[in-house]
Amino acid sequence: MQSYLIRKDILNIEAYKPGKPIEEVERELGLKGVVKLASNENPLGPSPKAIKAIQKNLKSLNRYPEGTCSYLKGKLAKALGVKKENLIFGNGSDELIDIILKTIKNPGAEIVTSDTTFVEYKICGEIMGFTVKCVPLRDFTFDLDAIKAAITKNTKVIFIANPNNPTGTYVNAQKVTGFLNDIPKDILVVFDEAYIEFVTEDDFPNLIPLINKKNIAILRTFSKIYGLAGLRIGYMIAQEKFIEYAQRVRQPFNVNSLAQAAAGAALDDKSFVKKTRSCVAKEKKFLYTTFLKFGIWFKKSAANFIFVRMNADTQKVFRKLLEKGVIIREMSQYGLNNYARITVGTRKENLKLIKALEEL
Ligand SMILES: Cc1ncc(COP(=O)(O)O)c(C=O)c1O
């Protein structure tokens with residue numbers, strides 16, 4: 001393929017690098033029982049109610065899925081206290097980033113986000129021809145003042161991951177309210193709340209009551225607390241009018257029928273959500289204590305992963321841990337060569353990580 005056929009916007013884009021899959025590491029290194037603490041997945045597996053719903057729906061796979069996720073939408077709208085018209089579903093919340101950017105007016109438009117956050121905002125933005133401005137974090141946290149200062153008349157969208165991936169930090173309700181009052185009303189502010197269900201901090205913002213008052217969109221996912229990352233389903237909550245436009249650009253059957261059934265059942269699986277939340281809270285404390293003992297610096301996290309600094313090149317630590325059957329995420333793609341992100345696992349998984357670290 002000749003590059004003269006390729007859109008200029010994507011010539012210099014680096015493709016998204018996912019965490020290494022367990023099977024690939026086991027095959028390549030001849031290992032068994034590899035532990036993956038690299039993609040912020042649910043360590044307890046999928047919601048059991050979701051598994052049952054998937055089994056029940058297998059026989060209908062000859063049918064196209066329900067295009068608008070109508071049943072699931074009704075159920076979720078009730079659970080969130082919003083209207084069905086405030087919701088749209090995506091093939092993972094990833095797809096909704098794309099859908100948002102397909103909806104927003106361009107060319108000549110700018111996106112503002114942070115330089116150390118979920119990399120899809122930048123990748124999707126550049127693919128769609130936006131100029132993406134990435135401002136530094138302050139103390140590993142989204143710096144809303146720096147974002148405000150980076151706004152120009154061309155800024156159309158701001159992406160804020162709250163809590164932030166990879167640092168696990170969050171911006172509190174007071175800061176978010178002040179920020180939303182200060183910035184021009186015609187900018188869409190997207191709050192990516194992929195990890196909100198793990199948050200226990202009281203001052204975390206509740207943005208749903210602001211949906212019709214401010215120009216905001218909220219992204220959430222079934223990939224994390226509900227354990228359905230493999231099915232690919234997420235959703236956006238926003239003003240009716242914006243959702244209506246976004247519906248026009250999505251693929252007609254973007255969310256498959258098993259994902260819809262599983263997500264609906266997972267919403268009812270209160271005991272699984274509770275169990276996951278308490279496992280992550282307990283294991284996060286256990287890892288904090290261990291890191292302190294090892295002299296490993298870390299940032300306290302509101303999510304299900306911990307951002308750590310090791311007194312070594314983490315690319316090397318990453319490779320050595322891999323040989324010992326533990327996959328973590330090193331941060332060299334952000335230019336943070338001494339940092340890594342470690343997903344909170346079960347006690348058994350965390351002990352394997354600790355043993356491997358001790359051996360290093
Ligand atoms: C902040 C953030 N947003 C979105 C996603 C993607 O979620 P989904 O699996 O729903 O596409 C992730 C995944 O790690 C994430 O960390």
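As the structure lists them, so they are numbered: ligands from 1, and atoms in each ligand from 1.
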For [atom], which protein heavy atom lies nearest, and how many Å away is it?
| atom | answer |
| --- | --- |
| atom 9 (O) of ligand 1 | S223 OG, 2.6 Å |
| atom 3 (N) of ligand 1 | D192 OD2, 2.6 Å |
| atom 6 (C) of ligand 1 | D94 OD1, 3.5 Å |
| atom 14 (O) of ligand 1 | K224 NZ, 2.9 Å |
| atom 11 (O) of ligand 1 | R232 NH2, 2.7 Å |

Any nitrogen or oxygen of [X], side chain or backbone, less than 3.5 Å from one on ligand 1?
| X | value |
| --- | --- |
| N91 | no |
| N165 | yes |
| Y121 | no |
| S39 | no |

| request: Can you spot which of T141, N164, D139, T167 makes a side chain to side chain donor-acceptor pair (under 3.5 Å) with K299? | output: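 It is D139, the one option of T141, N164, D139, T167 that forms the side chain to side chain donor-acceptor pair (under 3.5 Å) with K299.
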
Could you tell me which residues satisfy side chain to side chain contact (heavy atoms under 4.5 Å, CB included) with E95, sequence neighbours excluded, listed by chain and number?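 Side chain to side chain contact (heavy atoms under 4.5 Å, CB included) list for E95, sorted by chain: N91, I99, N254.
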
_Minimum distance, heavy atoms only, to atom 16 (O) of ligand 1: which one of F118, Y195, F159, F305 is it?_
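Heavy atom nearest to atom 16 (O) of ligand 1 belongs to Y195.
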
Inspect the contact between E283 and R347 and indicate whether a charged nitrogen and a carboxylate oxygen are less than 4.0 angstrom apart.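 Judged by the 4.0 Å cut-off on N to carboxylate O distance, R347 and E283 do form a salt bridge.
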
*E323 and R319 ion-paired at < 4.0 Å*: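 No, no charged N to carboxylate O under 4.0 Å.
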
Exercise for the section: Determine whether the side chain, the backbone, both or neither of S93 has a heavy atom under 4.0 Å from any heavy atom of ligand 1. Expected result: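 For S93, backbone and side-chain atoms both sit under 4.0 Å from ligand 1.
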
Item to complete: Heavy-atom distances under 4.0 Å are what count here, so tell me which part of F222 touches ligand 1: side chain, backbone, both or neither.
Response: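 None of F222 does.
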
query: At a 4.0 Å threshold, what atoms of ligand 1 neighbour a non-hydrogen atom of T221?
result: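 It comes down to these atoms of ligand 1: 8 (P), 9 (O), 10 (O).
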
Exercise. Mind checking whether I187 and V157 sit in one hydrophobic cluster, side chains of I, L, V, M, F, W, Y counted as touching below 4.5 Å?
Worked result: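 No.
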
- [ ] Taking the six-membered ring for Trp and the full ring for Phe, Tyr or His, determine whether the centres of F142 and F179 are under 6.0 Å apart.
- [x]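 No, ring centres 6.0 Å or more apart.
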
| said: Just checking F272 against Y226, ring centres under 6.0 Å apart? | reply: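 No, ring centres 6.0 Å or more apart.
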
| query | Restricting to pairs with a member in residues 267-281, which pass salt bridge (Lys or Arg N to Asp or Glu O under 4.0 Å), not counting sequence neighbours? | reply |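 For residues 267-281: K75-D268.
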
